Amino acid sequence: MPDRDLIHELLEPLRTALQMETEGRQLFLEAARRASGRHARQTFEFLAAEEERHIERIREFYASIEDKGSAAAAEIPPSDPGKRLLEFNDQLANLRDEIKPTLSDIEAFRFAIRFENGAEEFYRKQIETTPSDKARDFYRWLVGEEEIHAQVLGSCLEFAEDPAAWFRRHGRSK
């Protein structure tokens, strides 16, 4: 029979994670709705879809623990955040003549970075405190996801504030 205290200890932070990811999705959808620039809108729509993907993965992980009585059998999704960032930056470079970010877009990028950093911090704490190796691996996956989102947003912010510097940094000429 599974240890109910252990199961509760594993599931409680996942409930919090679900709430955070749901709030993040709503935040990004609202930011997309309010964005004045096409690029900002597309970025926030992309991030809302990413949050929805996280919600599904967390639900799957949660259900696996609930059904099996431990995290041992849960699957950790594959991820290639570096590749996703390069693809995003390539798309950003292709839109260079169409992007005219406003101050409100820039502020939205800054706020979103703080949100992603907060989620990353929460997941890092879970890595340190969870009693399950598999759960630690899952939280490491979530940390990687949040890191890539913060990098995407950082790239957008840098591009919005100083496009010439962004192109120099990423080895592309304007």
Side-chain angles (χ1 to χ4, degrees), residues 13-14 16-35 37-62 71 74-96 98-99 101 105-130 133-163 165-172:
L14 290 172
T16 301
L18 275 172
Q19 181 180 348
M20 283 182 358
E21 297 293 331
T22 300
E23 289 172 4
R25 182 179 176 276
Q26 290 305 110
L27 177 135
F28 293 138
L29 287 172
E30 181 62 22
R33 190 181 69 71
R34 292 177 181 232
R38 183 176 134 212
H39 172 257
R41 185 173 46 260
Q42 288 177 338
T43 299
F44 289 122
E45 288 170 349
F46 164 80
L47 290 169
E50 287 279 294
E51 298 301 306
E52 183 62 35
R53 191 170 59 88
H54 296 169
I55 290 166
E56 290 306 312
R57 298 293 191 195
I58 293 168
R59 284 182 179 151
E60 290 168 7
F61 195 77
Y62 188 101
E75 287 191 36
I76 310 301
S79 183
D80 189 351
K83 179 181 176 192
R84 289 172 32 222
L85 181 60
L86 284 174
E87 289 170 354
F88 184 86
N89 281 337
D90 286 343
Q91 290 176 337
L92 187 59
N94 291 334
L95 293 172
R96 72 177 137 211
E98 300 175 37
I99 299 174
D105 292 342
I106 290 170
E107 288 305 314
F109 288 141
R110 287 182 181 145
F111 180 80
I113 289 169
R114 288 191 301 272
F115 180 86
E116 292 295 332
N117 289 339
E120 179 184 338
E121 182 179 325
F122 173 79
Y123 296 137
R124 285 190 187 283
K125 285 180 183 174
Q126 300 316 304
I127 292 169
E128 295 171 11
T129 60
T130 189
D133 289 339
K134 199 71 158 189
R136 273 190 292 281
D137 289 344
F138 186 71
Y139 288 120
R140 283 185 191 100
W141 176 80
L142 285 166
V143 164
E145 292 290 301
E146 301 306 335
E147 284 175 341
I148 193 66
H149 293 172
Q151 290 174 1
V152 162
L153 288 161
S155 187
C156 291
L157 180 61
E158 180 185 6
F159 189 95
E161 291 179 328
D162 189 352
W166 186 93
F167 280 102
R168 281 192 305 275
R169 182 170 178 253
H170 293 281
R172 295 170 171 95

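All values derive from a computational prediction rather than experimental measurement. These numbers come from the heavy atoms of this one structure, side chains and all, not from hydrogens, waters or symmetry mates.
A salt bridge links E107 with R110: the distance from a Lys NZ or Arg NE/NH1/NH2 to an Asp or Glu carboxylate oxygen falls below 4.0 Å. Salt-bridge formation is not detected for the pair E145/R57: no Lys NZ or Arg NE/NH1/NH2 atom is positioned less than 4.0 Å from an Asp or Glu carboxylate oxygen. Here R25 does not pair with E21 in a salt bridge; the nearest charged N to carboxylate O distance is not below 4.0 Å. A salt bridge between R124 and E120 is present, with a side-chain N of the basic residue lying under 4.0 Å from a carboxylate O of the acidic one.
A 4.5 Å side-chain heavy-atom check between H54 and W141 finds at least one atom pair inside the cut-off. In this structure, F109 and E161 have side chains that are not in contact, with every pair of non-hydrogen atoms separated by 4.5 Å or more. Under the 4.5 Å side-chain criterion, counting only non-hydrogen atoms from C-beta, L157 is not in contact with L153. Residues E56 and E52 meet the side-chain proximity criterion, which asks for heavy atoms closer than 4.5 Å.
Once rounded to the nearest 0.5 Å, the distance linking CZ of F138 with CD of E60 reads 8.5 Å. Taking CZ of F115 as the reference point, atom NE2 of H149 lies at 11.0 Å (rounded to 0.5 Å). The CD atom of E128 lies 15.5 Å from the OH atom of Y123; values are rounded to the nearest 0.5 Å. Here CD of E158 is found 7.5 Å from CG of D162. Values are rounded to the nearest 0.5 Å. With rounding to the nearest 0.5 angstrom, the CD atom of Q151 is 10.5 Å from the CD1 atom of I113. One finds the CG atom of L47 at 12.0 Å from the CD atom of Q42 (value rounded to the nearest 0.5 Å).
Panel note: side chain D105, backbone G37; a donor-acceptor pair is recorded below 3.5 Å. The backbone N or O of L18 sits less than 3.5 Å from a side-chain atom of T22, completing a donor-acceptor pair. A donor-acceptor pair is defined here as one N or O able to donate and one able to accept, closer than 3.5 Å; no such pair exists between the side chain of T130 and the backbone of Q126.
Listed by chain and number, the residues in a side-chain contact (heavy atoms from CB on, under 4.5 Å) with Q19 are E23 (sequence neighbours excluded). Partners of I127 under the side-chain contact (heavy atoms from CB on, under 4.5 Å) rule, at least two apart in sequence or in another chain, are R136, Y139, R140, V143. Here R114 pairs with nothing under the salt bridge (Lys or Arg N to Asp or Glu O under 4.0 Å) rule; sequence neighbours left out.
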Practice problem: With side chain to side chain contact (heavy atoms under 4.5 Å, CB included) as the test, would you mind laying out the steps for T43 and H39 before giving the verdict? | Solution: CA-CA 6 Å; T43 299; H39 172 257; 3.3 Å; yes
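In terms of heavy-atom proximity, A32 sits nearest to E45 at CB-CG, 3.7 Å. Taking every heavy atom of both residues into account, F28 and A112 meet most closely at CE2-CB, 3.6 Å.
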